[in-house]
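All values derive from a computational prediction rather than experimental measurement. We're numbering straight along the sequence, starting at 1.
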Amino acid sequence: QVQLVESGGGLVQPGGSLKLSCAVSGTINSNDYMYWVRQGPGTEVEWVSAIHTGTYKTYYAHFVKGRFTISRDAAGNTLSLRMDNVNSYDAAVYYCALTRGPVLVSSTTPLNHYSYWGQGTQVTVSS
């Protein structure tokens, strides 16, 4: 069993920065993927970034590339998302999620299709 607990959400001004964290407990295999997934008001779930748990290779959605940075500590206990140059489209509930096995899921995979996910943390963008 895996537990994922997000933190770090809050209010950020347009152009500002925020760092989200996800505390990870349980067994993570070396061939899994971890994600940051978001759902904005009235929008579908979409993943913004992913990282392979064995190679630490990272993936980004085009709309956050160059602005967001995903990372995972060496012990595997924390997944982070550094968000820079935030804009209004980034306002959403952000979830930490995990899929088992070697396949990176598509960007519009519903949240309940992930193997595990957290309760989410709200990011609000406003001046």
Side-chain angles (χ1 to χ4, degrees):
Q1 191 74 358
V2 172
Q3 288 190 322
L4 305 171
V5 180
E6 304 92 338
S7 62
L11 177 65
V12 59
Q13 292 185 341
S17 298
L18 200 64
K19 185 175 182 179
L20 307 182
S21 296
C22 174
V24 182
S25 60
T27 301
I28 307 298
N29 301 321
S30 61
N31 204 26
D32 295 337
Y33 283 93
M34 296 201 72
Y35 307 77
W36 284 100
V37 178
R38 74 185 187 187
Q39 185 167 27
T43 66
E44 308 239 331
V45 167
E46 57 187 2
W47 68 251
V48 299
S49 188
I51 187 168
H52 188 266
T53 56
T55 66
Y56 283 66
K57 183 176 180 180
T58 58
Y59 305 81
Y60 296 94
H62 67 91
F63 47 81
V64 303
K65 201 164 188 179
R67 301 189 298 119
F68 289 12
T69 304
I70 191 171
S71 61
R72 183 170 175 251
D73 68 335
N77 297 327
T78 303
L79 182 74
S80 300
L81 184 71
R82 170 77 181 186
M83 305 167 60
D84 293 316
N85 194 20
V86 168
N87 61 52
S88 59
Y89 296 103
D90 298 322
V93 178
Y94 283 74
Y95 300 90
C96 172
L98 169 81
T99 55
R100 296 292 196 192
V103 178
L104 182 70
V105 299
S106 71
S107 60
T108 56
T109 296
L111 192 59
N112 61 2
H113 286 205
Y114 289 78
S115 304
Y116 299 95
W117 62 93
Q119 83 288 349
T121 187
Q122 176 75 52
V123 173
T124 302
V125 181
S126 176
S127 54

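The number of heavy atoms from other shown groups lying within 6.0 Å of CD (Q119) is above 12. The number of heavy atoms from other shown groups lying within 6.0 Å of CD (E44) does not exceed 12.
Residues P14 and S127 share a closest heavy-atom pair of CD-N, 3.7 Å. Between T78 and D73, the closest heavy-atom pair is N-OD1, 2.9 Å. Looking at every heavy atom in both residues, V125 comes nearest to A91 through CG2-N, 3.9 Å. Pairing each heavy atom of A92 with each of R38, the nearest pair is CB-CB, 3.9 Å. The two atoms that bring V48 and F63 nearest to each other are CG1-CE1, 3.8 Å, heavy atoms only. Across all their heavy atoms, V123 and D90 have their closest contact at CG1-O, 4.2 Å.
Rounding to the nearest 0.5 angstrom, the gap separating the NE2 atom in H113 from the OG atom in S106 is 10.0 Å. Between the CG atom of L4 and the CD1 atom of I28 there is a distance of 6.5 Å, given to the nearest 0.5 Å. Considering SG of C96 and CH2 of W36, their distance stands at 5.0 Å, rounded to 0.5 Å. Taken to the nearest 0.5 Å, the OG atom of S25 stands 10.5 Å off from the OH atom of Y116. Considering CG of L104 and OG1 of T99, their distance stands at 7.0 Å, rounded to 0.5 Å. With rounding to the nearest 0.5 angstrom, the CE atom of M34 is 12.5 Å from the NE2 atom of H52.
Between R100 and D32 a salt bridge is recorded (basic side-chain N to carboxylate O distance below 4.0 Å).
For the pair L20 and T121, the minimum side-chain heavy-atom distance is below 4.5 Å.
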Verdict with reasoning, V24 to N77, per side-chain contact (heavy atoms from CB on, under 4.5 Å): CA-CA 5 Å; V24 182; N77 297 327; 5.6 Å; no
Stepwise side-chain contact (heavy atoms from CB on, under 4.5 Å) check, C22 with V5: CA-CA 5 Å; C22 174; V5 180; over 6 Å; no
CA sep, side-chain torsions, deciding dist, call: W47, T108, side-chain contact (heavy atoms from CB on, under 4.5 Å): CA-CA 7 Å; W47 68 251; T108 56; over 6 Å; no
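Placement of V105 and L111 within a single hydrophobic cluster is found when ILVMFWY residues are connected by side-chain heavy-atom separations under 4.5 Å, directly or transitively. Linking ILVMFWY residues whenever their side-chain heavy atoms come closer than 4.5 Å, directly or via other members, leaves Y59 and M83 in distinct clusters. No continuous path of hydrophobic side-chain contacts links V64 to Y33 [ILVMFWY only; heavy atoms under 4.5 Å]. A single hydrophobic cluster is not seen to contain both Y60 and Y35; linkage of ILVMFWY side chains at heavy-atom distances under 4.5 Å, directly or through other members, places them apart.
Ring pair F68/Y94 is tilted by interplanar angle, where 30° to 60° counts as tilted.
A donor-acceptor contact shorter than 3.5 Å is absent between the side chain of T124 and the backbone of L11. For Y95 (side chain) and V45 (main-chain N/O), no donor-acceptor pair under 3.5 Å exists by modelled atom type. Judged by distance alone, with hydrogens and angles left aside, the side-chain atoms of R82 form no donor-acceptor pair with the main-chain N or O of K19 at under 3.5 Å. Of the possible donor and acceptor atoms, none in the side chain of N29 sits under 3.5 Å from a partner among the backbone N and O of N31.
Under the 3.5 Å distance criterion, with hydrogens and angles disregarded, a donor-acceptor pair is assigned to the side chains of Y56 and R72. If you check the side chains of Y114 and T109, you find no donor sitting under 3.5 Å from an acceptor.
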